[in-house]
Amino acid sequence: MLSYRHAFHAGNHADVFKHFVLFLILSYFNRKDKPYWYIDTHSGAGLYHLEEDQAQKTGEYRQGIARLLAAQTLPAELEQFRQHLQNLLPQPQLYCGSPLLAQSLLRPNDKLRLFELHPADFPLLRQNTAADRRIIAKQADGYQSLISLLPPPPRRAVILIDPPYEQKQEYRQAVQTLGAALSRFATGCYALWYPCLSREESRSLPAELRKLPAAHWLQAELHAHAPRADGFGMHGSGMFLINPPYVLAEQLAANLPALAELLAQDSSAHFVLEQHGG
Ligand code: SAM
C-alpha cells in the first residue's frame with residue numbers, strides 16, 4: 001500500500017525542521033575535503049509546487065516554510081538556511097524535497113543515492129535529478145537498498161531515513177534497519193525522521209531507538225501544537241541522529257527556541273533536545 005504522497009505535506013512544520021537539521025549536517029560534512037555519500041531511503045519527488053492542488057488542499061506549507069520565509073529576525077544558522085533556500089528556489093511557490101536540498105549542498109566529488117518506491121513520485125524524482133551525474137536514483141525499497149550499499153566506498157556518509165509511517169510495522173522496520181545498518185557501517189551519520197502522534201508506536205519509538213548499539217546519539221523534536229483531543233493528527237516531529245556532527249547539539253540549542261516560536265500553532269509549542277555520548 002503506497003497511498004502517502006508528500007506533495008500534500010511539502011513545506012509543513014515537519015519538513016522545515018527536518019530540512020534544517022539536514023542542512024546543518026551536510027554543511028558540517030562539507031567542512032572536510034574528503035568526499036562522502038548522501039543516501040536518501042525515502043526520497044519523495046524532490047521538488048514540490050505549492051500552488052498546485054495537493055499542497056493547496058491541506059495548506060500545510062502556510063504554517064511551515066511560508067512562516068520561515070516571512071520571519072523578521074532569525075538566529076545565525078536559521079538565517080543561513082533561509083538564504084540557502086531562497087537562492088536555490090527563487091520562486092516562493094516551489095519547495096525542495098530532501099534530495100534537491102542535498103544536491104544543492106554536495107560538492108562535485110560527493111555522490112547521492114536516492115530511493116523512492118511510489119510509481120507516480122519516482123518518475124518525478126528521476127526527472128528532477130536526471131541531469132546530475134553524481135546522482136543514482138532507483139525505484140526500489142529504501143530499507144533493503146540501504147543495507148546493500150553499506151559500507152559505502154568513501155567510508156563517510158550521511159543517511160536520511162524518512163518513511164511515511166503509513167503502517168504500524170514501519171516503526172519496527174525503521175529500528176531494525178538502523179540496527180542492521182549500524183552492524184555494517186557503525187561510523188555512518190544516520191538521521192531518522194519520525195512523527196510525534198498520539199498512537200502508541202509513535203510514542204514508544206524514541207525509547208526503542210535509544211536501545212540501539214550507538215555510542216553517540218542526539219534526539220531532537222519540534223512540537224508545533226498540543227495533541228488533538230480526538231488523538232488524530234501530527235502535533236510534532238522528531239529526528240533521531242546517530243553519530244551527528246559534534247557541533248549539531250550546540251547549533252540546535254541555539255536555533256530551536258526561535259524555530260519552535262516561529263512554527264507554534266498554540267501555546268504548547270516546544271522543542272526537545274537530548275543526547276548521549278559524543
Ligand atoms: N524525504 C522526503 C523529503 O524530505 O522531501 C520526503 C519523503 S516522504 C515522507 C516518504 C516517501 O517514501 C514517499 O514518497 C513514499 O512514496 C516513499 N516510500 C514509502 N515506502 C517506501 C519504501 N519502502 N522505500 C522507498 N520509498 C518508500
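Both ligands and their constituent atoms are indexed starting at 1 by order of listing.
No donor-acceptor contact under 3.5 angstrom links the side chains of S268 and H223, judged on distance only.
Contacts of L2 with ligand 1, taken as heavy-atom pairs under 4.0 Å, involve the side chain alone. Proximity of H6 to ligand 1, defined as any heavy-atom pair under 4.0 Å, is confined to the side chain (atoms from C-beta onward). Proximity of H19 to ligand 1, defined as any heavy-atom pair under 4.0 Å, is confined to the side chain (atoms from C-beta onward).
Within ligand 1, counting atoms from 1 as listed, the ones closer than 4.0 Å to a heavy atom of P164 are 10 (C), 12 (O), 19 (C). Per-residue contacts place A140 under 4.0 angstrom from the following atoms of ligand 1 (heavy atoms of the residue considered): 24 (N), 25 (C). In the vicinity of S43, heavy-atom distances shorter than 4.0 Å reach the ligand 1 atoms 1 (N), 2 (C). Near D141, meaning under 4.0 Å from one of its heavy atoms, ligand 1 places the atoms 22 (C), 23 (N), 24 (N). Listed by number with element, the atoms of ligand 1 under 4.0 angstrom from any heavy atom of G44 are 14 (O). Interface atoms of ligand 1 facing G97, defined by a heavy-atom separation under 4.0 Å, are 5 (O).
For ligand 1, the polar-atom distance check finds no N/O of Y143 at less than 3.5 Å from any of the ligand's N/O atoms.
D162 O, 3.4 Å is the protein heavy atom nearest to atom 10 (C) of ligand 1. Protein heavy atom nearest atom 8 (S) of ligand 1, with residue, atom name and distance: Y4 CE2, 3.6 Å. Looking from atom 24 (N) of ligand 1 to the surrounding protein, the closest heavy atom is G142 N, 2.8 Å. Looking only at heavy atoms of the protein, atom 3 (C) of ligand 1 is closest to S98 OG, 3.1 Å.
For the atom pair NZ (K111) and CG (D132), the distance works out to 9.5 Å, reported to the nearest 0.5 Å.
Of all the listed residues (H118, E116, Q173, E166), E116 holds the heavy atom that lies closest to atom 15 (C) of ligand 1. The heavy atom nearest to atom 20 (N) of ligand 1, out of those in Q144, K18, Q139, H42, is found in H42. Taking only non-hydrogen atoms, the option from L125, L100, L117 nearest to atom 26 (N) of ligand 1 is L117.
Using a 30° and 60° split on the angle between ring planes, H6 and Y4 fall in the tilted class, from 30° to 60°. Ring-plane geometry between H13 and H225 is classed as perpendicular, the angle between the planes exceeding 60 degrees on a 0 to 90 degree scale with a lower cut at 30. A parallel orientation is assigned to the rings of H276 and W217, their planes being inclined by less than 30° (bins at 30° and 60°). The aromatic rings of Y246 and Y28 lie perpendicular to each other, with more than 60° between the two planes, well past the 30° mark.
No side-chain donor-acceptor contact under 3.5 Å links E208 to the backbone of R172.
Around CG of N87, the count of heavy atoms belonging to other residues, nucleotides or ligands within 6.0 Å exceeds 12.
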Could you check E221 against Y194 for side-chain hydrogen bond (donor to acceptor under 3.5 Å, both in side chains), going step by step and ending with a plain yes or no? CA-CA 9 Å; E221 289 182 359; Y194 59 91; 2.6 Å; yes

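A salt bridge is defined here as a Lys NZ or Arg NE, NH1 or NH2 lying under 4.0 Å from an Asp or Glu carboxylate O, and R5 with D121 meets this definition.
A pairwise comparison of heavy atoms in S104 and L101 identifies OG-O, 2.6 Å as the closest pair.
For the ligand labelled ligand 1, residue G46 lies outside the 4.0 Å heavy-atom shell.
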